[in-house]
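A short worksheet on the structure shown next.
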Amino acid sequence: MTSRILVIPTRRAHSNHAEVARSIGVDIIAGRYAEGTRLPGDAEMIAMFGVSRPVLRESVKTLVAKGLLTTKARVGTVVRERGAWNMFDADVLAWHLDAGIDKRFLNDLAEIRLAVEPRAAMLAAAQRSEQDLADLRRSMERMRIEASDSVGFADADLALHVAVARASGNLFMRSIGHVIEAALRASFLLSAPVEPEDRDTVLLWHQKIVDAIAAGDAEGASEAMVYVIHNGMRRHEGTVIETAPAEALPSAKSGEGS
């Protein structure tokens with residue numbers, strides 16, 4: 001299997017300060033500005049982006065709030081360690097997709113899914129409505145129709161998992177599902193079951209989730225969800241992922257990829 005870098009273009013910012021924040025954020029995540037690195041001074045950054053000082057400062061405030069930067073007196077603006085980044089922030093997740101996701105990102109995503117989705121499936125088995133079941137079955141049917149490596153298949157897979165979170169009746173689980181939608185979609189695209197045997201397995205176990213929820217089988221729904229997530233992790237392990245060199249990734253400040 002060939003190596004590949006997964007870069008998912010996301011929405012563009014709608015204001016100068018948001019676009020500057022996005023560009024710096026992608027640069028940090030891509031490794032252009034390493035942890036502990038001090039950013040260039042205001043004058044250099046203003047010239048680099050062609051914006052005013054208030055716009056630059058608003059951008060820095062945004063990145064500080066998201067955990068990517070810290071400002072220190074007599075030191076300047078410094079990149080924080082990865083552990084401080086708010087990974088439940090929609091922009092931070094989107095910037096990861098812009099920068100190109102790697103094995104660590106996929107593994108972290110799988111672990112949070114294992115912490116949440118099996119429980120959501122259990123709750124869905126007890127709480128689901130007829131509309132929830134219709135949504136799950138519609139997603140399942142679309143998965144059967146779409147080609148395994150198509151965007152349509154990944155979207156149908158995503159819709160099924162979001163429907164499970166919605167059927168759980170738990171507002172926090174619903175919110176987590178919506179926050180990580182883009183990351184899940186990217187993960188599903190990368191782990192597409194292109195081999196016929198893999199496709200059959202994916203369809204079988206997703207159907208088991210739907211059937212268990214429909215039957216009110218909480219334990220069965222949870223176990224099927226765990227299998228689905230672990231099976232996706234196995235397919236990720238079979239794919240070699242390389243993080244793009246910092247200089248090869250698109251940067252808003254250079255005008256590339258726009």
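Predicted, not measured: the structure shown is a model, and the values here were computed from it.
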- Do any N or O atoms from the side chain of Ser175 and from the backbone of Leu171 form a donor-acceptor pair under 3.5 angstrom? yes
- Examine Leu109 and Phe172 and state if one hydrophobic cluster contains both, with Ile, Leu, Val, Met, Phe, Trp and Tyr joined whenever side-chain heavy atoms are less than 4.5 Å apart. no
- Item | Side-chain heavy-atom pair Leu133, Glu130 within 4.5 angstrom cut-off | yes
- Between Arg199 and Arg144, is there a donor-acceptor pair closer than 3.5 Å when you use the side chain of the first and the backbone of the second? yes
- Message: Between Val26 and Val78, is there shared hydrophobic-cluster membership here, with clusters defined by ILVMFWY side-chain heavy atoms closer than 4.5 Å?
- Response: no
- Query: Does atom CZ of Arg82 have more than 12 heavy-atom neighbours, drawn from other residues, nucleotides or ligands, at distances under 6.0 Å?
  - Reply: yes
- Among all residues two or more places apart in sequence or in another chain, which pass the salt bridge (Lys or Arg N to Asp or Glu O under 4.0 Å) test with Arg57? Asp42
- Message: If we ignore hydrogens and angles and just use 3.5 Å, is the side chain of Arg38 paired with the main-chain N or O of Thr77 as donor and acceptor?
- Response: no
- Would you call Glu141 and Arg138 a salt bridge, taking side-chain N to carboxylate O under 4.0 Å as the test? no
- Who passes side-chain contact (heavy atoms from CB on, under 4.5 Å) against Glu44, sequence neighbours left out? Pro40, Met48
- Item | Transitive ILVMFWY side-chain link Leu160 to Leu204, under 4.5 Å | yes
- Would you call Met173 and Arg119 a side-chain contact if the rule is heavy atoms closer than 4.5 Å? yes
- Query: How long is the span from the CD atom in Gln207 to the CZ atom in Arg137, to the nearest 0.5 Å?
  - Reply: 8.5 Å
- Message: Measuring from atom CD1 of Ile28 to atom CZ of Arg80, what distance do you get when rounded to the nearest 0.5 angstrom?
- Response: 11.5 Å
- Item | Under 3.5 Å: donor-acceptor pair, side chain of His236, backbone of Ser187 | yes
- Query: Are Asp157 and Arg185 within salt-bridge range, i.e. N to O under 4.0 Å?
  - Reply: no
- Any side-chain heavy atom of Val202 within less than 4.5 Å of one from Met143? yes
- Give, for atom OG1 of Thr201 and atom CZ of Arg235, the distance between the pair rounded to the nearest 0.5 Å. 8.5 Å
- Query: Side chain of Thr37, backbone of Tyr33: donor and acceptor closer than 3.5 Å?
  - Reply: no
- Task: Report the distance from atom CD1 of Ile29 to atom CG of Leu93, rounding to the nearest 0.5 Å.
- Result: 8.5 Å
- Evaluation steps, side-chain contact (heavy atoms from CB on, under 4.5 Å), between Met140 and Leu203: CA-CA 8 Å; Met140 194 69 241; Leu203 293 175; 3.8 Å; yes
- Item | Euclidean distance, Ser129 OG relative to Arg166 CZ, rounded to 0.5 Å | 9.0 Å
- Query: Just wondering, do Ile176 and Phe88 contact through their side chains at under 4.5 Å, heavy atoms?
  - Reply: yes
- Item | Under 3.5 Å: donor-acceptor pair, side chain of Ser222, backbone of Ala218 | no
- Item | Carboxylate-amine/guanidinium contact Arg234 Asp198, below 4.0 Å | yes
- Taking the side chain as C-beta and beyond, is there a heavy-atom pair between Val79 and Leu39 under 4.5 Å? yes
- Query: Are the side chains of Ile24 and Glu19 in touch, meaning some heavy atoms are under 4.5 Å apart?
  - Reply: no
- For Ala21 and Leu63, work out which heavy atoms get closest and say how close. O-CD2, 3.6 Å
- Show your reasoning for whether side-chain contact (heavy atoms from CB on, under 4.5 Å) applies to Met233 and Leu114. CA-CA 11 Å; Met233 293 174 71; Leu114 285 169; 4.3 Å; yes
- Query: Hey, is CD on Glu81 packed in by over 12 heavy atoms from elsewhere, all under 6.0 Å?
  - Reply: yes
- Kindly give the heavy-atom pair with the smallest separation between Arg113 and Pro118, and that separation in Å. O-CD, 3.3 Å
- For the atom pair NE2 (His96) and CG (Asp108), what is the distance rounded to the nearest 0.5 Å? 8.5 Å
- Task: Under the side-chain contact (heavy atoms from CB on, under 4.5 Å) rule, collect the residues that match up with Glu219, sequence neighbours excluded.
- Result: Met122, Asp217, Glu223
- Item | Set of residues satisfying ring pair (Phe, Tyr, Trp, His ring centres under 6.0 Å) with respect to Phe153, sequence neighbours excluded | none
- Message: When you measure from the side chain of Ser59 to the backbone of His17, do you find a donor-acceptor pair of N or O atoms at a distance under 3.5 Å?
- Response: yes
- Message: Looking at Ala214, is its backbone amide N or carbonyl O close enough to the side chain of Arg128 to form a donor-acceptor pair, meaning the two atoms are under 3.5 Å apart?
- Response: yes
- State, to 0.1 Å, how close Ala224 and Ile209 come at their nearest heavy-atom pair, and which atoms those are. CB-CG1, 3.6 Å
- How would you list, by chain and number, every residue that makes a ring pair (Phe, Tyr, Trp, His ring centres under 6.0 Å) with His206, sequence neighbours excluded? His161
- State whether the side chain of Ser150 and the backbone N or O of Glu146 hold a donor-acceptor pair below 3.5 Å, judged by distance alone. no
- Please report the shortest heavy-atom distance between Ala212 and Ala125, naming the atom on each side. O-CB, 4.2 Å
- Working for side-chain contact (heavy atoms from CB on, under 4.5 Å), residues Leu158 and Phe188: CA-CA 8 Å; Leu158 173 61; Phe188 295 159; 4.1 Å; yes
- Any donor-acceptor pair under 3.5 Å linking the side chain of Asp135 with the backbone of Asp132? no
- Message: Minimum heavy-atom separation for Leu189 and Ala154, please, with both atom names.
- Response: CD2-CB, 3.7 Å
- Item | Non-neighbouring partners of Lys66 that pass salt bridge (Lys or Arg N to Asp or Glu O under 4.0 Å), sequence neighbours left out | Asp89, Asp91
- Item | Nearest heavy-atom neighbours spanning Ala110 and Ile229 | O-CG2, 4.0 Å
- Item | Candidate pair Val164 and Glu117, rule side-chain contact (heavy atoms from CB on, under 4.5 Å), full reasoning | CA-CA 8 Å; Val164 171; Glu117 289 196 78; 5.8 Å; no
